[in-house]
Asker: 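Here's a structure for you.
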Amino acid sequence: MMAPARQRADPSDSSHATNRFGQKESLLAPAVAAGCETFCDFVFKADLMTHQQIRVRFAPSPTGFLHVGSARAALFNYLFARHTGGVYLLRIEDTDLERSTPEATRQILDSLAWLGLEPDEPPVYQAQRADLHRAFLERLLASGHAYRCHCPKERLEQLRAEARAAGTIFAYRREMLEPGEAERYAAQGLPSVIRFRSPVGETVGFDDMVYGRIEVETDTIGDFVIARGDGSPLYNFTNVADDIDMGITHICRGEDHVPNTPKQVLIYRALGAEPPQFAHLPLILGPDKQKLSKRHGATGVNEFRDKGILPQALVNFLALLGWSPGEAEFDEVMTVEELAAKFSLDQVKRSPAVFDHEKLLWMNGAHIRRMPRPALEEMVIGRLTARFGFPERPAACSRNAALAPEAWVRGIIGLVVERSRTLCEFEDNLAYFFEPPSEYDAKAMKKFVSTPEQAETLRATGRLIGDAWERVPPPGPDGGPDAWAAAVEQAVREPTEAAGRKFGQVAQPVRLALTGRTASPPLFHVIWFLGREETLRRIEACAAAAGTSP
RNA sequence: GCCCGGUUCGUCUAGCGGUUUAGGACAUCGCCCUCUCACGGCGAAGAUCACGGGUUCGAAUCCCGUACCGGGUACCA
């Protein structure tokens with residue numbers, strides 16, 4: 001019985017399988033020799049006893065892209081493994097052929113890689129382990145822990161309705177049928193499912209590392225189905241079979257699995273295996289306190305990537321949803337390594353948490369500011385290239401030609417790092433460096449550039465800037481434009497204040513002319529990167545837009 | 001309906017029977033910095049710890065009940 005069970009374990013990926021199972025083989029030999037009774041026994045105990053190493057897994061079903069809730073489950077498993085020096089694995093639960101797609105599997109692998117949550121060993125595909133499942137199923141059948149049930153769906157419906165009417169839970173037991181009824185169905189050759197025979201009148205429970213002791217009456221569980229009519233095994237069963245086979249020691253998953261757990265504990269026992277430790281995670285809710293779903297906006301990890309969220313920020317944010325280091329005061333902005341160092345399952349909250357998009361944005365901004373500058377620049381340059389056609393655009397005549405494109409782009413990026421909370425905001429904040437403003441902020445235009453006098457003031461400021469440009473020496477080859485900007489600013493500030501006017505009164509119109517907006521990085525830095533010609537051109541264009549001519 | 005959970009500022013949370021006038025973070029508001037916007041700094045406001053009973057000298061912390069919220073109740077995972 002053991003042999004067939006092991007041969008099936010042949011992940012399509014034979015290169016890894018050889019290595020992995022070769023390793024396992026040597027590990028198990030002593031256990032077999034020691035006379036471990038069952039397959040699960042020796043796998044489980046051998047791994048556990050010889051290694052004492054924690055093995056966890058993330059087990060998504062590929063029915064769509066990776067949801068942030070699932071991503072968090074993966075993350076908690078990952079952090080737990082890293083913290084304890086354990087192993088973190090990935091198992092794709094694709095036994096539901098109806099809903100699983102290869103495309104979804106690709107998406108999930110992709111998102112996990114992006115998040116940096118790749119497993120320590122090659123992923124295990126549940127659909128490829130049919131032999132193992134069959135062998136385990138046979139064992140359960142042989143030992144009387146499971147039986148074939150030919151009861152037709154209509155009959156089940158009737159039973160369900162009766163239970164509902166009586167105000168009790170519907171938990172199927174073969175005794176519910178009339179004497180001889182089951183035999184009759186069998187004799188009729190009706191399709192049969194395999195049901196797990198759960199104990200009658202007992203209490204089954206487990207000590208959850210987050211929720212504490214959870215117990216339930218086996219009579220509220222009943223004899224549940226573990227394999228479909230076509231023989232394909234179901235979640236509660238495959239999950240246990242694979243976790244035993246993979247030597248999983250701790251199961252950390254969403255709270256929505258709590259009701260499944262007692263059933264699974266029963267299966268572990270029937271298979272002669274010690275159940276692993278369980279830890280359930282509180283769910284993530286939307287602002288309306290309902291389970292987070294598409295109608296709350298972005299829920300897929302891929303969507304966050306598209307929105308310019310950094311993986312380390314999403315990881316950091318997710319880690320703090322339902323968990324905290326338990327210190328009264330601490331820096332919430334952390335790297336994965338820092339999170340792993342502090343992580344502990346017993347600091348996980350029991351109540352669900354609302355996903356606060358605003359805080360994610362703040363955290364993303366914090367990570368942007370902490371990123372090594374060159375790496376940040378590469379990411380942003382990639383986006384600027386895609387959106388604006390850098391480095392071909394802007395042409396040399398539309399920017400400060402004294403700077404090489406590379407130096408120029410890094411310069412403007414530096415101007416907006418502390419003003420951008422997402423990668424997308426970099427693009428928006430930098431748009432006017434690539435193309436002149438297509439429109440001006442209407443309110444500001446009315447306030448600063450609507451009368452002939454104002455237009456003339458703007459032109460006069462332009463002349464001051466143009467003159468100063470001739471006189472002020474440009475920054476040295478490796479110096480930033482700070483000194484240059486300060487000097488040109490002085491050239492504009494002095495005459496302005498001498499005339500008894502506020503500097504801001506002349507700065508804002510120029511800002512409007514150059515950027516079309518009322519907010520931007522320091523004005524003279526913007527001017528420097530725009531270049532003399534482009535600056536003066538935009539100032540004139542704006543003055544002209546006020547309806548006056550020079 | 002039934003089963004299983006949960007409930008501390010708007011949100012994320014600290015708290016594990018006395019050290020609590022319940023601490024921090026995001027968001028909000030104010031001040032400083034300042035050419036604007038950010039960043040940064042400082043400060044304010046914001047929670048009768050869901051409600052009602054107990055236990056105790058003492059409860060946000062322990063027990064019970066109620067309300068509300070969530071999860072589950074499949075030949076899905």
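The chains referred to below are lettered A, B, ... by the order of the sequence lines, with proteins before strands, and numbering in each begins at 1.
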Asker: Atom CZ of A:R350 to atom C1' of B:G15: distance rounded to whole Å?
Answerer: 13 Å
Asker: Distance check: side-chain N/O of A:R369 vs OP1/OP2 of B:G40, anything under 4.0 Å?
Answerer: yes
Asker: Any side-chain N or O of A:R228 under 4.0 Å from OP1/OP2 of B:A77?
Answerer: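 So the side chain of A:R228 is within the cut-off, an N or O lying under 4.0 Å from OP1 or OP2 of B:A77.
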Asker: Quote, to the nearest angstrom, the C1' distance that separates B:C4 from B:U8.
Answerer: 23 Å
Asker: Taking only residues two or more places apart in sequence or in another chain, which ones pass salt bridge (Lys or Arg N to Asp or Glu O under 4.0 Å) with A:E418?
Answerer: none
Asker: Let's see if you get this right: which residues in residues 149-166 of chain A place a heavy atom under 4.0 Å from RNA chain B?
Answerer: A:K153, A:R160, A:R164
Asker: Without decimals, in angstroms, what is the distance between A:L318 CG and B:A25 P?
Answerer: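 In whole Å, B:A25 P lies 22 Å from A:L318 CG.
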Asker: Round to a whole Å and report the spacing from CD of A:E418 to P of B:G41.
Answerer: 12 Å
Asker: Looking at the base of B:A77, is there any donor atom on it, or on the side chain of A:N260, that sits under 3.5 Å from an acceptor on the other one?
Answerer: yes
Asker: Please tell me if A:S100 has a side-chain N or O lying less than 4.0 Å from either OP1 or OP2 of B:A77.
Answerer: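 It does not, given that no N or O in the side chain of A:S100 lies less than 4.0 Å from OP1 or OP2 of B:A77.
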Asker: Would you call the rings of A:F355 and A:F304 parallel, tilted or perpendicular, taking 30° and 60° as the class edges?
Answerer: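 It falls in the tilted class, 30° to 60°.
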Asker: Between A:F343 and A:W323, does the ring centre distance come in under 6.0 Å?
Answerer: yes
Asker: I want to know whether A:Y147 and A:F196 have ring centres closer than 6.0 Å.
Answerer: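 No, ring centres 6.0 Å or more apart.
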Asker: Would you mind telling me which of A:D94, A:I92, A:L132 makes a side chain to side chain contact (heavy atoms under 4.5 Å, CB included) with A:Q126?
Answerer: A:D94
Asker: Would you kindly give the CZ-to-C1' distance between A:F196 and B:C75, to the nearest whole Å?
Answerer: 17 Å
Asker: Given atom CZ of A:R419 and atom C1' of B:U34, what is their separation to the nearest angstrom?
Answerer: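 In whole Å, B:U34 C1' lies 11 Å from A:R419 CZ.
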Asker: Closer than 4.0 Å, any side-chain N/O of A:T63 to the OP1 or OP2 of B:A77?
Answerer: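 So the side-chain polar atoms of A:T63 never come under 4.0 Å of the phosphate oxygens OP1 or OP2 of B:A77.
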Asker: What is the ring orientation for A:F170 with A:Y172, classed by angle as parallel under 30°, tilted 30 to 60°, or perpendicular over 60°?
Answerer: perpendicular
Asker: Need to verify one output field. Residue with the more 5' nearest nucleotide on RNA chain B, A:S324 or A:E217?
Answerer: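 The residue mapped nearer the 5' terminus is A:E217.
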Asker: Between A:R511 (CZ) and B:C35 (P), how many Å, whole number?
Answerer: 10 Å
Asker: Closest-nucleotide mapping onto RNA chain B: is A:E332 or A:E215 further toward the 5' terminus? I mean the 5' end.
Answerer: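 The 5'-side residue here is A:E215.
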Asker: Please table the atom pairs, donor to acceptor, closer than 3.5 Å between any side-chain atom in residues 500-507 of chain A and protein atoms at least two apart or in another chain.
Answerer:
none

Asker: Rounding to an integer number of Å, can you tell me how far A:H257 NE2 sits from B:C3 C1'?
Answerer: 18 Å
Asker: May I ask you to verify if any side-chain N or O of A:K291 is less than 4.0 angstrom from the OP1 or OP2 atom of B:C69?
Answerer: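 Negative; the distance criterion is not met.
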Asker: Take the protein atom CZ of A:F278 and the nucleotide atom P of B:C4, then report the distance between them rounded to whole Å.
Answerer: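 My rounded result for the distance is 18 Å.
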Asker: Please determine if a side-chain N or O atom of A:Q347 lies less than 4.0 Å away from the OP1 or OP2 oxygen of B:G15.
Answerer: yes
